[in-house]
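Notes follow once the structure below has been shown.
Values below: all heavy atoms of this structure, side chains included; hydrogens, waters and symmetry mates excluded. Protein chains get the first letters and strands the later ones, always in sequence-line order, with residue 1 at the start of each.
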Amino acid sequence: MPAEEKDEEALRSLDFIRQIVADDVAAGKHGGRVQTRFPPEPNGYLHIGHAKSICLNFGIAREFGGLCNLRFDDTNPVVEEEEYVKAIQEDIRWLGFDWDDRLFYASDYFETLHGYAVDLIRQGKAYVDSQSPEEIRETRGSLTRPGTPSPFRDRTVEENLDLFARMREGKMEEGSCVLRAKIDMASPNMNLRDPVLYRIKKATHHRTGDTWCIYPTYDFAHGYSDSIEGITHSLCTLEFENHRPLYDWLLQQLPIHQPRQIEFARLNLTHTVMSKRKLLELVKDGHVSGWDDPRLPTLRGMRRRGYPPEALRRFCEIIGVTKFDGVTDIALLEHVIREQLNEETPRRLAVLDPLKVILTNYPEGEHEELECINNPQNPDAGTRKVPFSRELYIERSDFLEAPPKKFFRLAPGREVRLRYAYFITCQNVVKDSSGNVVALECTYDPATRGGDAPDGRKVKGTIHWVDATASVEAEVRLFEHLFAAEKPEEVPDGGDWKDNLNPASLVVRHGCRLEPSLADLAAGERVQFERLGYFTPDPVDSRPDRLVFLRTVALKDKWARMQKKGGRG
RNA sequence: AACCCGGUGGUGUAAUCGGUAACACAAGAGGUUUUGGUCCUCUCGUUCCAGGUUCAAGUCCUGGCCGGGUUACCA
């Protein structure tokens, strides 16, 4: 009733699918009921593209007071496995969605589906074709040439019934015959040229075992499964657009619940690949460590990398739903990850490439604890004590012997602030015999404890540090885009998409030094290493005695950008 | 080549279903700052083209152009 509330509601525009659903609800279609489904085939792991579909389907159900089912589309036993069924459920739960007791399988409906096929045969709408797969392909015609009818197209209902029964009984060889819909061999839509409805596969199904040797095709099973479950809006990606006439035709032949299929554009991201086939190839060929490699766009990879599920949901919300087949900049994903992590992540000090600093005027054998703010974004996060003494480590990249113009960090004779600690001045550069910088001798100003100078003097730079002895060692893995090219699939002729793999997508740093509190971070916890990015202990490889951290995403780095720009001229 | 679907700044979306282009990201410039982070300000579009309907078109019509999908007993 409040006007402002109404305005706010009006401001939130509905995507074209939600608009359709809203209209249907308003019109009282299906009694105002809304039911969707997420229908993965259990033959691979879920990726961020699936997340878009999951958020859409579960999101719409929730927004319209409806339900969303999880249904495994397991109609092809030769490629599907139980292993994926479990993994997919895990991933969806992690993303934050729940299907309650509505976990279904297309294979649950095999008997009903078979009955529907028999109904179609009885109506003269389907027939058993005894042509070979090659013959079927050839007589289907082409995009420009109509197909020609099968010589078996006009078999009698009785004959078809008998043949189909024998198919089910296993008396026919694989490939010797199929059940086809009798629609229109001259249709400009290839899907309507007597599509195959059932084929013989003498394979063991992960759920039905050897009960069946004939299996329905996707087109046959999908719409009918939707109907059986009372789905009102069946959402799928654009490549099924041409299947919709078949979806509708199949449904309309029987006096059953009629769902509506609506197609939307799948998600494409820059600097990565999304197809199951390509992902599989990367895993199989060892370009990545597995399906949960943190560089992959798989949900497992992202979970391991420390991406918060809330951010993924937010991302799916931002990208919207349309019929335009575009490519989303992966920078948008990274942005929502940072946005989320910036709010909720405790800050910590860590040095990835340690350079020793000796405070020559700091008393030997002495140490102290300095108070550091946990999260400037959130005062409630409080503070913590971090050990400090005469010998420290700073980031090697925070020191330059001959600093360029805009370099604000440490250099000979220059003063900087150690975050939450003291101002220090570099007095001497210690080098080994081959001229490498091995340590810095600095003086600190005791009056600047905490990081402020009582005399009001300023420093240009603040750098992070860690105590040399009271710190723990760790391995840290840094990631960049898996592919250097924005669109890895676009390759010059003769080239391979894998040529675009980024050789620097994984950089492993050994001998990193972390503030002691990081030693007992629990798996799944996320922190910000100040000035470096957001990190999480690797749930796979990190052990109490051998810490491994993964960088979820780097902080934005203006300095790096300036350097890059300058370097290019 | 036939059919289907699309086309709004660099990218992704929006525009109260004809009323005078908005948001986010990216990029660039500047400000604040004990993270070169965050935050704040500013810059970046003849809505693919050409006609037409209309007082009024990103929205409707026609024709082009460009892009995607489709010729598995895969999904």
Side-chain angles (χ1 to χ4, degrees), chain A residues 7 10-13 15 19 39-41 43-44 73 75-76 78-80 129 132-133 136-137 140-147 174-180 187-191 193 195-201 214-215 217-219 221-222 236-245 263 265 267 270 276 318-336 338-339 342-343 347 349 372-373 376-377 406-409 417-421 423 448 450-452 458-464 486 528-533 554-562 565:
Chain A
D7 286 349
L11 285 175
R12 199 178 306 120
S13 66
D15 58 66
Q19 188 60 250
E41 183 187 18
N43 73 338
D73 223 328
T75 57
N76 187 356
V78 311
V79 295
E80 293 151 6
D129 191 354
S132 69
I136 290 180
R137 193 183 326 121
R140 184 157 29 227
S142 73
L143 295 175
T144 47
R145 297 258 174 287
E174 260 184 56
S176 66
C177 54
V178 291
L179 183 73
R180 287 230 256 173
S187 171
N189 183 339
M190 301 292 290
N191 294 118
R193 319 244 266 228
V196 171
L197 268 22
Y198 266 91
R199 71 291 209 195
I200 299 167
K201 280 181 186 291
I214 56 172
Y215 292 91
T217 55
Y218 164 84
D219 286 310
H222 202 87
C236 62
T237 44
L238 252 28
E239 66 269 28
F240 292 102
E241 225 161 5
N242 293 321
H243 292 242
R244 182 161 18 102
E263 313 83 15
L267 170 66
T270 57
K276 264 182 200 172
I318 288 176
I319 58 175
V321 182
T322 65
K323 300 192 71 162
F324 178 69
D325 185 25
V327 186
T328 299
D329 193 338
I330 200 164
L332 183 57
L333 209 210
E334 289 163 353
H335 170 260
V336 298
R338 285 194 193 98
E339 190 175 46
N342 179 47
E343 288 307 313
R347 313 287 116 130
L349 295 176
C372 300
I373 293 168
Q377 235 52 228
K406 295 280 186 54
F407 188 79
F408 299 150
R409 285 108 97 145
R417 171 169 40 234
L418 293 181
R419 173 143 248 230
Y420 298 130
F423 284 11
T448 59
D452 280 308
K458 301 288 182 197
V459 286
K460 292 286 274 183
T462 299
I463 64 176
H464 59 277
E486 242 192 26
Q528 181 195 103
F529 289 178
E530 295 223 20
R531 302 213 303 138
L532 297 172
L555 248 30
K556 282 211 260 180
D557 189 344
K558 205 180 231 173
W559 170 242
R561 227 177 295 154
M562 285 167 67
K565 217 181 2 160

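- Atom CD of A:E263 and atom CD of A:E241 lie 4.5 Å apart (nearest 0.5 Å).
- To the nearest 0.5 angstrom, A:K201 atom NZ is 4.5 Å from A:N76 atom CG.
- A donor-acceptor contact under 3.5 Å is formed by the side chain of A:Q528 with the base of B:U35.
- Distance CE (A:M190) to P (B:U70): 12 Å, rounded to an integer number of Å.
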Practice task
Decide side-chain contact (heavy atoms from CB on, under 4.5 Å) for A:H464 and A:L532; before the verdict, give the C-alpha distance in whole Å, the side-chain angles of both, and the deciding distance to 0.1 Å.
Solution key: CA-CA 9 Å; A:H464 59 277; A:L532 297 172; 3.9 Å; yes
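- With contacts defined as side-chain heavy-atom distances shorter than 4.5 Å, the pair A:I373/A:Y420 qualifies.
- Comparing A:G326 and A:G451 by the nucleotide of RNA chain B that holds the closest heavy atom to each, the one mapping nearer the 5' end is A:G326.
- Across all strands, A:E530 comes closer than 4.0 Å to base atoms (heavy-atom distances).
- Where A:F324 and A:D557 meet RNA chain B, the nucleotide closest to each residue was compared, and A:F324 sits on the side nearer the 5' end.
- Among the protein residues, A:G141 comes within range of the sugar-phosphate backbone only, with heavy atoms under 4.0 Å from sugar or phosphate atoms but none that close to a base.
- Within 4.0 Å of A:P245, counting heavy atoms only, lies no atom of the nucleic acid at all.
- Look at B:A72: its glycosidic torsion is within 90° of 0, and that puts it in the syn range.
- Within the nucleic acid shown, A:V327 comes within 4.0 Å of sugar-phosphate atoms alone, with no base atom in reach, counting heavy atoms only.
- In this structure, the nucleotide among B:A26, B:G36, B:C4 sitting nearest to the side chain of A:F408 is B:G36.
- Closest to the A:D73 side chain, of the nucleotides B:A75, B:G36, B:G37, is B:A75.
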N/O to N/O distances under 3.5 Å, protein versus nucleotides 21-24 of chain B:
none

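- Side-chain contact between A:Q377 and A:N342: present, with at least one pair of heavy atoms (C-beta onward) separated by less than 4.5 Å.
- By the side chain to side chain contact (heavy atoms under 4.5 Å, CB included) test, A:T237 pairs with A:E239, A:F240, A:F264, A:R266, sequence neighbours left out.
- No contact: A:F529 has no heavy atom under 4.0 Å from any strand.
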Below 3.5 Å between N/O atoms, which protein atoms pair up with nucleotides 72-74 of chain B? Just atom names and distances, please.
{"from": "B:C73", "atom 1": "OP1", "to": "A:R140", "atom 2": "NH2", "distance (Å)": "3.1"}
{"from": "B:C73", "atom 1": "OP2", "to": "A:R140", "atom 2": "NH1", "distance (Å)": "3.1"}
{"from": "B:C73", "atom 1": "OP2", "to": "A:R140", "atom 2": "NH2", "distance (Å)": "3.3"}
{"from": "B:C73", "atom 1": "N4", "to": "A:P133", "atom 2": "N", "distance (Å)": "3.2"}
{"from": "B:C73", "atom 1": "N4", "to": "A:G175", "atom 2": "O", "distance (Å)": "2.9"}
{"from": "B:C74", "atom 1": "OP2", "to": "A:R199", "atom 2": "NE", "distance (Å)": "3.1"}
{"from": "B:C74", "atom 1": "OP2", "to": "A:R199", "atom 2": "NH2", "distance (Å)": "2.8"}
{"from": "B:C74", "atom 1": "OP2", "to": "A:K201", "atom 2": "NZ", "distance (Å)": "3.1"}
{"from": "B:C74", "atom 1": "O3'", "to": "A:R199", "atom 2": "NH2", "distance (Å)": "3.1"}
{"from": "B:C74", "atom 1": "O2'", "to": "A:N76", "atom 2": "ND2", "distance (Å)": "3.3"}

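- When the C1' atom is used for both B:G51 and B:C65, the distance is 14 Å, rounded to whole Å.
- Around the NZ atom of A:K460, the shell of radius 6.0 Å holds no more than 12 heavy atoms that belong to other residues, nucleotides or ligands.
- Here the separation of B:A27 from B:G12, taken at their C1' atoms, is 15 Å to the nearest Å.
- Protein atom CD of A:E263 is 10 Å distant from nucleotide atom C1' of B:C4, rounded to whole Å.
- Backbone-only contact: A:T322 has heavy atoms under 4.0 Å from sugar-phosphate atoms and none from a base.
- What you find for A:P376 and A:R347 is that their closest heavy atoms are CD-CG, 3.7 Å.
- Regarding contacts with the backbone of B:G36, a side-chain N or O of A:R531 is found under 4.0 angstrom from either OP1 or OP2.
- Between the A:D329 side chain and the A:T270 main chain, no donor and acceptor come within less than 3.5 Å of each other.
- Rounded to the nearest Å, the gap between the P atom of B:A50 and that of B:U59 is 13 Å.
- Here the separation of B:U47 from B:U20, taken at their C1' atoms, is 12 Å to the nearest Å.
- A distance of about 11 Å separates the P atoms of B:G19 and B:A57, rounded to the whole Å.
- Taking the side chain of A:T144 as heavy atoms from C-beta on, and the options B:G37, B:A2, B:G36, the nearest nucleotide is B:A2.
- In this model, the phosphate group of B:A27 is approached by a side-chain N or O of A:R561 to a distance below 4.0 Å at OP1 or OP2.
- Expressed to the nearest 0.5 Å, how far CZ of A:R199 lies from CD1 of A:I214 amounts to 11.0 Å.
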Completion exercise
Here RNA chain B, pairs taken as Watson-Crick or G-U under 3.5 Å and shown with ( ), [ ] when crossing and | when to another strand, reads .((((((..((((.....[..)))).(((((.......)))))....(((((..]....))))))))))).....
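- Side chain of A:R531 to backbone of A:L555: no donor-acceptor contact under 3.5 angstrom is found.
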Practice task
Take A:H222 and A:D73, measure what side-chain contact (heavy atoms from CB on, under 4.5 Å) needs, and give me the verdict at the end.
Solution key: CA-CA 8 Å; A:H222 202 87; A:D73 223 328; 2.8 Å; yes
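- Taking atom P on both B:A75 and B:U70, the two are 15 Å apart, rounded to the nearest angstrom.
- To the nearest whole angstrom, the two P atoms, one in B:G69 and one in B:C61, are 26 Å apart.
- Taking atom CZ on A:R193 and atom C1' on B:C3, their separation rounds to 9 Å, with Å as the unit.
- Atom name P, nucleotides B:U71 and B:G64: the rounded distance is 26 Å, in whole Å.
- Proximity of A:I463 to A:L418: side-chain heavy atoms (C-beta onward) are separated by under 4.5 Å at one or more points.
- Residue A:H222 is out of contact with every strand shown, counting any heavy-atom pair closer than 4.0 Å.
- The CD1 atom of A:I318 sits 5.5 Å away from the CG atom of A:L332 when rounded to the nearest 0.5 Å.
- Separation of atoms OG1 (A:T217) and CZ (A:R180) is listed at 11.5 Å; rounding is to 0.5 Å.
- A donor-acceptor contact shorter than 3.5 Å is absent between the side chain of A:R140 and the backbone of A:P195.
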Please produce a list of atom pairs where a protein N or O lies less than 3.5 Å from an N or O of nucleotides 38-42 of chain B.
{"from": "B:U38", "atom 1": "O2'", "to": "A:N342", "atom 2": "ND2", "distance (Å)": "3.4"}
{"from": "B:U38", "atom 1": "O2'", "to": "A:Q377", "atom 2": "OE1", "distance (Å)": "2.9"}

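- In this structure, the nucleotide among B:G68, B:C25, B:G36 sitting nearest to the side chain of A:D325 is B:G68.
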Practice task
Could you give me the CA-CA distance, side-chain angles and deciding distance for A:M190 and A:N242, then say whether side-chain contact (heavy atoms from CB on, under 4.5 Å) is met?
Solution key: CA-CA 8 Å; A:M190 301 292 290; A:N242 293 321; over 6 Å; no
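- A:N191 CG to A:R244 CZ: the interatomic distance, rounded to the nearest 0.5 Å, is 11.5 Å.
- At a threshold of 4.0 angstrom between heavy atoms, the contacts of A:N191 with the nucleic acid are absent.
- The phosphate of B:U11 has neither OP1 nor OP2 within less than 4.0 Å of any side-chain N or O from A:T328.
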Nucleotide N/O of nucleotides 30-33 of chain B paired with protein N/O under 3.5 Å:
none

